[in-house]
Each structure stands twice: as C-alpha cells, then as structure tokens.
Amino acid sequence: MPELPEVETIRRTLMKHVSGLVISKVNVLWPAVVQNWQERTFADVVTGRKINSIERRGKYLLFTLDEGWSLLAHMRMTGRLNYYPDEQTPERHTHLVFSLSQGELHFSDVRKFGRIQVIPTDMRLTSSSLAKLGPEPLEPDFTADLLGGRLTSKKLSIKATLLDQRVLAGLGNIYADEALFRAGIAPERKACSLSTEEIFKLHGGIQDVLNAGISSKGTSFRDYRDANGQKGNFQALLQVYGRGNEPCLHCGKLLEKLRLAGRTTVFCSHCQS
DNA sequence: ACTAACCTGTAA
DNA sequence: TTACAGGTTAGT
C-alpha cells in the first residue's frame, strides 16, 4: 500500500512515540514476517535494544538501534505499524509485537507481504535491498538532469520505468499516474523518447505530487493508516488514480484505463501525450 | 517484458 | 465466482 508519502507519514508519526524507547520484549506471532541475521534470531538480537532514530529510504523504514543493529521494514501492500501507549491485545492480522519501555509497537498486515529484517547498521546499505535503490526524488540532488540521465537508456514505457525502484525510489502506482498526469505525458510513451522539456515537467510533477501527498499525510484509498491509526487525506485530491471512465477534472474527457507493467493505469488521452 | 507467486478481503 | 487491490521477486 504505502508509497513514499505514506511511508514518510508513518515515519513521522512513529518517531514522536518510539524514539529513545527500549524494546523490552519481542513477540513474533507469524514467524515469516521477520528475517533473522545469519544464525542470530530476530528476537534475540532485538530484545533490549534502544531505538535511536527512524529514517526512510524509498518505501523502506530504517530503524537505527543501539549496539550497531538496525531494523529494515517494508509494508508492501497492506502492512501497518501501529503505536499504542498502553498494552493492547493484538488484532486479527497482527504478526509482530514489540513491547517498549513505554507502550507497544504492532506490525500487522492483512496480505502478509510486508517484512521486517534485522541487520547490522554498517551492512544495511551494502547487503540489503537498499543497495539497488535509485535516487530519492525529494532530495536536493535529484535534478531534472539526473532524472533524464536515468531514463535515456530505458526502452520500457515511462509508467513501468517510474515504478522501477532501481530507477527512482518511492513512486508506486498512485503517485506514478498522478505525476504523469501533472506532466502531461502519456504513460505508454517509451521512457527514452521524452524530450528535455517533458523530463523537466515530469521532474516537477513527481516532486509536486509527492510533496502534496506528504502534506495531506498520504492517500488512504483503502487500507493505509499512519502509526496512530489515522487516515491520510490525499485521496480527495487524486486527479486520475482510481478514476477510470470518469471525466477528466481538467478537460472533461473520459479518463482511459489500461494495464501497464501488470498495473492498472489511468490517464487522460487529451491532456496527456 | 510479461506472468505468476506471495496472501486476504472486498466489490462487481 | 471472479477480478482486483498503494509491491516486489523470481521465474520464463
């Protein structure tokens, strides 16, 4: 579920609660949710560790613990991290409970795609999925030039290319469609066919839509909630995602729906070319 | 470059 | 009953 704005919102809401707290107990309710570090079991390593900080890289959350350990969390489609100030009976789809020096942190996930792994902090950028991630679209060094350089060799559609986390980290199906609409670019265009002008508009569209998503605390189209269980608000501002066969809010023409890179893609054939 | 796989829930 | 869902990966 969560893309960059949702993961960033979870990070911000979570950090207020758990930064500086100690993990006093780990209860793994569904073992496949955790990934151990070599011979050391997840609970073994994590019990007794202090949470120093939480960062985000693409759609991953990185918890820096003390003693040189880190947690790497990915929500995939329906994962949630929920903080409770008091002891709480795990709900139906909760797979992992951290008891903290104050309150509890629950990881739940209806579809069971999400994972949390423990890894030495100095290994996380080299021996994890983070190693292959493309640039952060909201960092100052993400320029239109940088984006253009990463698209020129790609013969795939621009939609599929934007979803490739090795090209750019953090976009998913919602924000890719919304960014392409803002840039006026048709999703089935080959990535390498974009003009300098179009890359410039796409760069702006990506940054604008991600910043707007964060400002609205994410998109709760269906399952997404922040660490306090609150919905986001960006679903009210979506221009194309989830609006197939509805009129374009800009020109009134019916929005078209097609399947690209295995994902439903919505766009306006009048406003986007 | 697609498709199936991983899962469960919900809506058509 | 079938199709589809904010993701990623490992297979053709």
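Every chain is numbered from 1 and lettered A, B, ... according to where its sequence line falls, protein lines coming before strand lines.
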(message) Parallel, tilted or perpendicular: which one describes the rings of Phe221(A) and Tyr241(A), with boundaries at 30° and 60°?
(response) perpendicular

(request) Mind checking the CZ-CG spacing from Phe98(A) to Asn27(A)? Nearest 0.5 Å is all I need. (result) 10.5 Å

(message) Side chains of Glu256(A) and Ser269(A): any donor to acceptor distance under 3.5 Å?
(response) yes

(message) Rounding to an integer number of Å, can you tell me how far Lys217(A) NZ sits from dG6(C) C1'?
(response) 19 Å

(request) Taking atom types as modelled, find out whether Tyr60(A) and Gln117(A) have a side-chain donor-acceptor pair closer than 3.5 angstrom. (result) no

(message) Taking atom OH as the centre, does Tyr84(A) end up with more than 12 heavy-atom neighbours from other residues, nucleotides or ligands that are less than 6.0 angstrom away?
(response) yes

(message) Roughly how many Å apart are dG9(B) and dT8(C), using the P atom of each and rounding to a whole number?
(response) 22 Å

(request) Output the residues of residues 256-266 of chain A in contact with DNA chain C, where contact means a heavy atom of the residue under 4.0 Å from an atom of the strand; sort by number or write none. (result) Arg259(A), Arg263(A), Thr264(A)

(message) Quick check on dC7(B): is either OP1 or OP2 less than 4.0 Å from any side-chain nitrogen or oxygen of His93(A)?
(response) no

(request) For dG6(C), decide between syn and anti, treating a glycosidic angle within 90° of 0 as syn. (result) syn

For nucleotides 9-12 of chain C, list the nitrogen or oxygen atoms of the protein found under 3.5 Å from its nitrogen or oxygen atoms, one pair per line.
none

(message) Taking 4.0 Å as the cut-off, does a side-chain nitrogen or oxygen of His74(A) come that near to OP1 or OP2 on dG7(C)?
(response) no

(request) Could you check which residues of residues 105-116 of chain A get a heavy atom under 4.0 Å from DNA chain C? Sort them by number, please. (result) Arg111(A), Phe113(A)

(message) Show me, range against range, the stems involving DNA chain C, built from at least 3 consecutive Watson-Crick or G-U pairs below 3.5 Å.
(response) B:1-6 with C:7-12, B:8-12 with C:1-5

(request) First locate atom CG of Leu4(A), then atom CD1 of Ile214(A), and finally report the distance between them rounded to the nearest 0.5 Å. (result) 5.5 Å

(message) Can you tell me how far apart CG (Asp164(A)) and CG (Leu171(A)) are? Round to the nearest 0.5 Å.
(response) 11.0 Å

(message) Ignoring hydrogens and geometry beyond distance, is a side-chain donor-acceptor pair present between Arg124(A) and Ser129(A) at under 3.5 Å?
(response) no

(message) Applying the side chain to side chain contact (heavy atoms under 4.5 Å, CB included) criterion to Asp226(A), which one of Thr9(A), Asn82(A), Leu14(A), Leu81(A) satisfies it?
(response) Thr9(A)

(request) Nearest 0.5 Å please: distance from the CD1 atom of Ile158(A) over to the CZ atom of Arg189(A). (result) 9.0 Å

(request) Starting from C1' on dT8(B), measure out to NE2 on His95(A) and report it in whole angstrom. (result) 10 Å

(message) Measure CG/Leu4(A) against P/dT8(C) and give the value in whole Å, please.
(response) 11 Å

(request) With C1' as the reference atom in both, quote the distance from dA1(B) to dA5(C) in angstrom, rounded to an integer. (result) 22 Å

(request) Using side chain to side chain contact (heavy atoms under 4.5 Å, CB included) as the criterion, list what pairs up with Val45(A), not counting sequence neighbours. (result) Arg40(A), Trp69(A), Val118(A)

(request) Would you classify Arg92(A) as touching base, sugar-phosphate or nothing, given that sugar-phosphate means primed atoms plus P, OP1 and OP2, and contacts are heavy atoms under 4.0 Å? (result) sugar-phosphate

(request) Verify whether the ring centers belonging to His203(A) and Phe142(A) lie closer than 6.0 Å. (result) yes

(request) Mind calculating the distance between CZ (Arg222(A)) and C1' (dG7(C)) to the nearest angstrom? (result) 14 Å

(request) Measure from CG on Asn245(A) to P on dA12(B) and round the result to the nearest Å. (result) 13 Å

(message) Can a side-chain donor-acceptor contact be found between His17(A) and Asn228(A) if the only test is distance below 3.5 angstrom?
(response) yes

(message) Let me check something: do Ile185(A) and Leu238(A) share a hydrophobic cluster, defined by ILVMFWY side-chain heavy atoms less than 4.5 Å apart, either directly or through other members?
(response) yes

(request) Check each residue of residues 149-177 of chain A for a non-hydrogen atom within less than 4.0 Å of any atom in DNA chain C, then write out the ones that pass by number, or none. (result) Gln165(A), Gly172(A), Asn173(A), Ile174(A)

(message) Between Arg11(A) and Glu55(A) (salt bridge meaning N to carboxylate O under 4.0 Å), is one present in this structure?
(response) no

(request) Determine, using ring centers only, whether Phe234(A) and Tyr224(A) are less than 6.0 Å apart. (result) no

